[in-house]
Amino acid sequence: MALQFILGSARSGKTDFIYDQMIKDSMEHEDEEFFFIVPDQSTLNAQKQLVTRHPRHGTFNIDVVGFFRLTYRVFEELSYIPKDLLEDEGKSMVIRKIMEQHKEELKVFASSMKKQGFIDELKSFFAEVYQYDVSMEDLKKITDGMKEEGLRSKMEDILLVMENFEDYIKERYLISEQLLDVLAQKVERSEKLKNATFYLDGFTGFTPVQYKLLRKLLRVCGQVNVTVTLDKREQVWKMDKKYKLFYLSQKTIYHLTEIAREEHCDIAEPIWTGTVKEETRFADNIELGYLERNLFRYPVRPYKEEVQNITVHCLRQPEDEVHFMIEEIMALREQESFRYRDVAIVTGNMDIYGTLIKGEMERKGMPCFIDQKKSILANPVVDTISSMLDVLRKDFDYESTIKLLKSGFIQRTGCPTNGIKEWENAVQLLDNFLLASGVRGHKNWEKEWDTGYVFRRKAEDIATEASETINWLRQETWDRLSDFYGRIARGKHRVREYAETICDFMEQEQIYLQIQKRIERFREEGNFEAVKEYEQIYDVIIEVLDRLVALLGDEEMPLAEFIEILNTGFDEARIGLIPPGVDQIMVGDLSRTRLYGIKYLFLLGVNDGNIPMTGDGGGILSDAEREFLTGESYALAPTAREKIYTEQFYLYLCLTKPSQRLYLTYSATANDGTALQPAYLIDRVQNIFPKLQIQNVAESRGRLRDILRDDYGRGYLIRGLRMGWQDNAAWNELYRQYRLQEQYVPQKTDRRKR
């Protein structure tokens, strides 16, 4: 039983050392078990790297797992069948139902429960409590001693919901945050883990529940090897101030060392990597190596030479940042050895930049993978189901009905009239009629409509044809939905009945077959990301419905309440996508995305508000309330201030990833024209590299050759019209050039021919 730290700064070769040592040991001791534990999002890459590096090109007696996969490995060995796992969407639905049942008892949260995102915040707080190993008794003890009335009332509401939540699931379900706790209880019974060797890599720290598990592993295994990112100039065995760059690393070392001492385990002398400059990834890049050694370190030691491999660019808006990045990648692509996988794009605001990057990459035919779990709420299939339920709940109102008919997943049949035959045109005609006539309600949809008044100014044959088309579509719609309306639209019904109605609707409209057709079309178009999404969407929807029935099947409620709970489940459901190819650009954020072996890194949106990322108010508990709990020795997730320190460490890890070139870009204005400020990071980098000048790309793009490159011109022209760039000489010249081209000149029409 021993604990071994592998230490070194970023890109110093810690992971390479782990692979080499692990492969060597596993080949020398083929009858022993080796476990390589990495963050869940890194398992695929770790397996690929291991197979590539291993002389026999396999994993053999090395098991590459995350913490949760390790849990099920042990459960399988012990033939232990855990209770059903309650996923995030299930937790949210249960919490929503409990709050509805006890809303009269809630002091603070009664008015907040229907606010967008509130259930998710409360669920996240519950996850914190379980992950940080705080019991219900601990929370009750803290609450009883509180003097501040506001916080006390909030904690009493939390306790009320949490106590009912635990009562609801205790005999039937296990939540993901409890899995490691269960594993910790069973570690000592596992023969697979006894005397096994563990390697942990890629973690910036551990939660209390993970520390509890590591304590148990140290009791039974042969050796635990842990990589920790730490500069050799820093203290190893003591924790520094929280604002220091390597505080998280020192905290990890401190806690693991304390556990090892308490368990009477040997603590080996740390192994340092990268002590020789030639062994690091920055051996051939002096500037990036200097950035690694000095970023967020004090006192600042300025770099005296000119800088070539780090550049900072200011552009007008986020859209311009993305255009600039695309052009730079296209220039890099001209190099003979270039591969798309050599490039990574990271941003502090995926909501804005993720969509822009995806759209531009698709237009330019550049393969990219957006590294984020995708919500199913925006998927057209889910939108179709939601629209159908809204039609029933709102009694065939205009908005819901037209949205349903335009959703794209309603079975389309041909219009019997000789005129308008296409479904889309019929729906558009119906849309216009409903707007003009104000017809609403199921009683009106049951009977034929007189459209004469609306089309009174049309020729008789056109008006007759329109009337036939509209009434045909009215009858089609009513025939499809009338049965569902009679089943669930009025009164209270069991959750099971609502779920069965949705399944019947999906079967009636042949949703599954329509999804398969779309998958084939996407595959032919080469849109493999959409293929992966649509291959999962049907199963995810059925899983949400199954979970809802299992949790609340016999509960009776009105349709409106069911829709709220179902939307909560859909809101939490995510589609996990894996990179569909090998040679593609990775796009992600600072904390989630793991990058390996890249040469060029673009950090976009380096603006104040993105870096550091502004919070949303602190969730269920404010920072002051969290600090109070910390003062009572019950630490939960970091406060906003602590998150800034953590983000600083993630920035350090991110900026040290490229081996050849680093690009930093920020915007002068937001999309709405609001002035933006560069993030503090720009100033930090310039302090290290005083000769590094900010390149104002917005000004340099005044050259028409750059503006017209790769069809950028029309977009530049349109933005100028929108933003009022009439004083810009380059924009005016571009406008004149387009005016001279016949296809861009508005054509005059002879009104007499109308």
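Heavy atoms only: backbone and side chains are in, while hydrogens, waters and symmetry mates are out. On a predicted model such as this, the values are computed, not experimentally measured, just so you know.
The side-chain heavy atoms of Leu389 and Ile488, taken from C-beta on, include a pair separated by under 4.5 Å. Side-chain contact check for Asp40 versus Phe68: some heavy-atom pair is nearer than 4.5 Å. Residues Phe126 and Glu177 are not in side-chain contact: their nearest non-hydrogen atoms beyond the backbone lie 4.5 Å or more apart. In this structure, Leu604 and Ile357 have side chains that are in contact, with non-hydrogen atoms separated by less than 4.5 Å. Counting heavy atoms from C-beta on, the side chains of Met350 and Ile370 come closer than 4.5 Å. Taking the side chain as every heavy atom from C-beta outward, Ile502 and Phe562 approach each other to under 4.5 Å. No side-chain heavy atom of Leu481 sits less than 4.5 Å from a side-chain heavy atom of Trp445. You'll find the side chain of Pro367 stays beyond 4.5 Å of the side chain of Ile585, heavy atoms only.
A side-chain N or O of Glu321 and one of Tyr353 form a donor-acceptor pair less than 3.5 Å apart. With hydrogens and angles left out, the side-chain atoms of Asp395 and Tyr485 include a donor and acceptor closer than 3.5 Å. Side-chain contact of Glu533 with Asn379: a donor-acceptor pair under 3.5 Å is present, judged by distance alone. Side-chain contact check for Thr674 and Asp672: at least one donor-acceptor pair (N or O, by modelled atom type) lies under 3.5 Å. Residues Asp383 and Ser386 have side chains that never bring a donor and an acceptor to within less than 3.5 angstrom of each other. A side-chain donor-acceptor contact under 3.5 Å links Tyr398 and Asp431.
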Inset, instruction - Would you please test Val391 and Met388 for side-chain contact (heavy atoms from CB on, under 4.5 Å) and show each step? - result: CA-CA 5 Å; Val391 170; Met388 185 274 290; 5.8 Å; no
Inset, instruction - Please step through side-chain contact (heavy atoms from CB on, under 4.5 Å) for the pair Ile175 and Ile169, ending with a clear verdict. - result: CA-CA 9 Å; Ile175 61 175; Ile169 70 169; 3.9 Å; yes
Legend entry - Step-by-step side-chain contact (heavy atoms from CB on, under 4.5 Å) determination, Met93 to Arg547: CA-CA 9 Å; Met93 289 187 285; Arg547 182 66 68 190; 4.0 Å; yes
Inset, instruction - With salt bridge (Lys or Arg N to Asp or Glu O under 4.0 Å) as the test, would you mind laying out the steps for Glu535 and Arg523 before giving the verdict? - result: CA-CA 11 Å; Glu535 283 178 340; Arg523 189 174 280 118; 3.0 Å; yes
Inset, instruction - Start with the C-alpha gap between Tyr534 and Asn527, add the side-chain angles, then the distance that decides, and say whether side-chain contact (heavy atoms from CB on, under 4.5 Å) holds. - result: CA-CA 11 Å; Tyr534 275 80; Asn527 189 350; over 6 Å; no
Inset, instruction - Apply salt bridge (Lys or Arg N to Asp or Glu O under 4.0 Å) to Glu362 and Lys358, showing your working. - result: CA-CA 6 Å; Glu362 288 178 351; Lys358 182 177 175 63; 3.4 Å; yes
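The number of heavy atoms from other shown groups lying within 6.0 Å of CD1 (Ile81) does not exceed 12. Around CZ of Arg456, the count of heavy atoms belonging to other residues, nucleotides or ligands within 6.0 Å exceeds 12. Atom CD of Glu460 has 12 or fewer heavy atoms from other residues, nucleotides or ligands within 6.0 Å.
Between Glu524 and Arg521 there is no salt bridge, since no side-chain N of the basic residue sits under 4.0 Å from a carboxylate O of the acidic one. With respect to the salt-bridge test (charged N to carboxylate O, under 4.0 angstrom), the residues Glu156 and Lys107 qualify. Glu399 has no carboxylate O lying under 4.0 Å from a charged side-chain N of Lys394, or vice versa, which leaves the two without a salt bridge. Taking 4.0 Å as the cut-off between side-chain N and carboxylate O, Arg487 and Asp504 count as a salt-bridged pair. The pair Arg480-Glu476 counts as a salt bridge, with a side-chain nitrogen and a carboxylate oxygen less than 4.0 angstrom apart.
Using cut-offs of 30° and 60° on the angle between ring planes, the pair Trp478 and His442 is parallel.
The main-chain N or O of Ala670 is found under 3.5 Å from a side-chain atom of Gln317 such that the two form a donor-acceptor pair. With hydrogens and angles ignored, the 3.5 Å screen pairs no side-chain donor or acceptor of Glu520 with any backbone N or O of Lys517. At distances below 3.5 Å, at least one donor-acceptor pair connects side-chain atoms of Tyr498 with backbone N or O atoms of Leu559. In this structure, the side chain of Ser467 does not engage the main chain of Ala463 through any donor-acceptor pair within 3.5 Å. A donor-acceptor pair is defined here as one N or O able to donate and one able to accept, closer than 3.5 Å; such a pair exists between the side chain of Asn471 and the backbone of Trp449. Side-chain atoms of Asn444 do not come within 3.5 Å of backbone N or O of Val439 as any donor-acceptor pair. Thr43 places no side-chain N or O within 3.5 Å of a backbone atom of Pro39 that could act as its donor or acceptor partner. Judged by distance alone, the side chain of Gln514 and the main-chain N or O of Phe409 form a donor-acceptor pair under 3.5 Å. Between the side chain of Asp157 and the backbone N or O of Leu106 there is no donor-acceptor pair closer than 3.5 Å.
Closest heavy-atom contact between Ser176 and Lys91: OG-NZ, 3.8 Å. Considering every non-hydrogen atom in both Asp390 and Ser400, the closest pair reads CB-OG, 3.4 Å. For the residue pair Gly553 and Arg494, the shortest heavy atom distance occurs at O-CB, 3.7 Å. Closest approach of Cys503 to Ile542, counting heavy atoms only: SG-CD1, 4.4 Å. Contact detail for Ser92 and Thr568: the closest heavy-atom pair is CB-CG2, 3.2 Å. Considering all non-hydrogen atoms of both residues, Ile119 and Met99 come closest at CD1-SD, 3.8 Å.
One distance of note links OG1 of Thr401 with CZ of Arg440; it measures 8.5 Å at 0.5 Å rounding. For the atom pair OG1 (Thr477) and CZ (Arg474), the distance works out to 9.0 Å, reported to the nearest 0.5 Å. Thr71 OG1 to Leu183 CG: the interatomic distance, rounded to the nearest 0.5 Å, is 4.5 Å. The distance from the CD1 atom of Ile537 to the OH atom of Tyr512 is 13.5 Å, given to the nearest 0.5 Å. Between the CG atom of Asp88 and the NZ atom of Lys123 there is a distance of 4.0 Å, given to the nearest 0.5 Å. Annotation: the span from Gln584 atom CD to Cys368 atom SG amounts to 7.5 Å, rounded to 0.5 Å.
Taking Val427 as the reference, Leu405, Lys406, Trp423, Leu473 meet the side chain to side chain contact (heavy atoms under 4.5 Å, CB included) condition, with sequence neighbours excluded.
The side chain to side chain donor-acceptor pair (under 3.5 Å) contacts involving residues 94-104 comprise Arg96-Glu100, Arg96-Glu564, Lys97-Glu561, Glu100-Lys103, His102-Glu105, His102-Asn164, where partners must be two or more places apart or lie in separate chains.
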